[in-house]
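The chains referred to below are lettered A, B, ... by the order of the sequence lines, with proteins before strands, and numbering in each begins at 1. Bear in mind that the values here come from a model prediction, so they are computed numbers and not experimental data.
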There are 2 protein chains.
Amino acid sequence: MSEALQKDDASIRASRERFVALWGQMGSNWGIPRTMAEVHALLFIRGKPMNTDEVMDALDISRGNASMTLRNLVDWGIVQRVHRRGDRKEYFEAEQDVWKLFRTILRERKRREIDPLIHQLRECRAGGSADTDVQENDESAAAHNARLEELLSFLALVDLMCQEILQPGEGSTDAMELAARFMERDT
Amino acid sequence: MSEALQKDDASIRASRERFVALWGQMGSNWGIPRTMAEVHALLFIRGKPMNTDEVMDALDISRGNASMTLRNLVDWGIVQRVHRRGDRKEYFEAEQDVWKLFRTILRERKRREIDPLIHQLRECRAGGSADTDVQENDESAAAHNARLEELLSFLALVDLMCQEILQPGEGSTDAMELAARFMERDT
DNA sequence: CACCGTTTTCAGAAAATTTTGAAACAAATA
DNA sequence: TATTTGTTTCAAAATTTTCTGAAAACGGTG
């Protein structure tokens, strides 16, 4: 039996490593530093709190890197600090509910990237000149503004959808319900 | 009047530049090379076909960079090549329909990133050992697999939503309808 | 085929991003 | 307070990504 267990352990360890690499790759595709995604993957797949040294060892990264990365993850709200009585070290634990994880990331990216984009885009609308009366060459101005408006109205929609998904009432249990509502075709 | 027009032109030019910079920034937040996003922004906001030299001049980039970036945009399907009779140069024109643009990007990122992720994640499930009978230490194996399964089922949902949005029947006009369906609360 | 205008390629250069590691800091203990 | 353990910071180094530019390839024309 101990043999079977060992083999099982090895296969889990292999699976973990593969997952960490995969998640890291995925992160860097979406503008998240590879190491940050890897640290998150490690904490997620382990499912138990780990301290800085354990993370350093598992991923073979420096203390400084581990420290900053963990802090970032905590700032993002997808990893939490955990303290253990009688242990001076700090431990870190990843959110285990995938839907909650997704919503946290969505909330944060909306706040940091989408909202500022919308605001800046609004300020970008040429000069604010409501002069729709100037003619001739002005065709281009009208078209230019129309393009910005179209973009803004699309972003308003995205904003609305985010709000819907992030609605505080929406518990993790309701994920499927939300999806079902979305998916429902009017046949 | 010529004065007013000049002022208007200047303000549009300023607005364009601001937009290009903004879009470039946004792109790099989401894992798209800044220049690629900028070239796209330029073509989009200009709304008319431009050739390689015009793009090079407008963004102050090298010929090689412009060439590769434009090709990439064409590969992504959000920019199209346009030919003009009597002109040997190639021109490039960006998709003007924002909803169509969004769907094209979604389709492409799904194909290139989400689908492969799902496949690899499936292969990642430890050893494929369906041995749910081994006990003791095995608690961790069960939990490990459960985590991967939860992730996979979330991704299956994402996949389904993408399919829904990308449904060929869904014309650009139906964007709002789709959104409305999503937004509709059961009050 | 030789020429000319245009586009593509890709090795090396440049720039941007990420990581390291050692010093500074903080907090608990003796 | 000095010591010990653990965490954070940040300038410099390493790495990764992106860009350049000159050469090669392309594709009509004469």
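Note: CD (A:Glu38) to P (D:dT16) measures 12 Å, nearest angstrom. Across the protein-nucleic acid pair, B:Asn72 atom CG and D:dT17 atom P stand 15 Å apart, rounded to whole Å. Between the CZ atom of B:Arg34 and the C1' atom of C:dA14 there is a distance of 15 Å, rounded to whole Å. In this structure, B:Leu59 places its CG atom 11 Å from P of D:dC19, rounding to the nearest Å. Note: CD1 (B:Ile32) to P (D:dC19) measures 13 Å, nearest angstrom. For the pair A:Met36 CE and D:dT16 C1', the interatomic distance rounds to 18 Å; values are reported in whole Å. Atoms CG (A:Asn65) and P (D:dT16) sit 13 Å apart, rounded to a whole Å. Put simply, CG on A:Asp53 is 10 Å from C1' on D:dT7, counting in whole angstrom units.
The side chain of B:Ser67 places an N or O atom within less than 4.0 Å of a non-bridging phosphate oxygen (OP1 or OP2) of C:dT8.
Both A:Arg63 and A:Gly31 lie near DNA chain C, and the one whose nearest nucleotide falls closer to the 5' end is A:Gly31. Between A:Asp87 and A:Ser28, the residue anchored nearer the 5' end of DNA chain D, judged by the nucleotide with its closest heavy atom, is A:Asp87.
In this structure, of D:dT9, D:dC19, C:dG21, it is D:dT9 that holds the atom nearest to the side chain of A:Arg71. Taking the side chain of A:Arg81 as heavy atoms from C-beta on, and the options C:dT6, D:dC19, D:dT8, the nearest nucleotide is D:dT8. Side-chain atoms of A:Met68 lie closest to D:dC10 of the nucleotides D:dC19, D:dC10, C:dT18. Of the candidate nucleotides C:dT7, C:dG21, D:dT20, C:dT7 has the atom lying nearest to any side-chain atom of B:Lys89. Here the side chain of B:Ile61 is nearest to one of C:dT7, D:dT20, D:dC19, namely D:dT20. The nucleotide whose nearest atom lies closest to any side-chain atom of A:Ser62 is, among C:dT18, C:dT20, D:dC19, C:dT20.
Taking a cutoff of 4.0 Å between a charged side-chain nitrogen and a carboxylate oxygen, B:Arg112 and B:Glu108 qualify as a salt bridge.
One donor-acceptor pair, N or O on each side, does fall under 3.5 Å between the base of D:dT5 and the side chain of A:Arg88.
The aromatic rings of A:Trp23 and A:Phe19 sit parallel to each other, their planes meeting at less than 30°, with 60° as the upper class boundary.
The shortest distance between side-chain heavy atoms of A:Asp53 and A:Lys89 falls below 4.5 Å.
The distance from the CZ atom of B:Arg18 to the CG atom of B:Leu22 is 8.0 Å, given to the nearest 0.5 Å.
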**Message:** For a side chain to side chain donor-acceptor pair (under 3.5 Å) check, start with the C-alpha distance between A:Glu149 and A:Asn145, then their side-chain angles and the critical distance, and finish with the verdict.
**Reply:** CA-CA 6 Å; A:Glu149 291 304 334; A:Asn145 289 327; over 6 Å; no
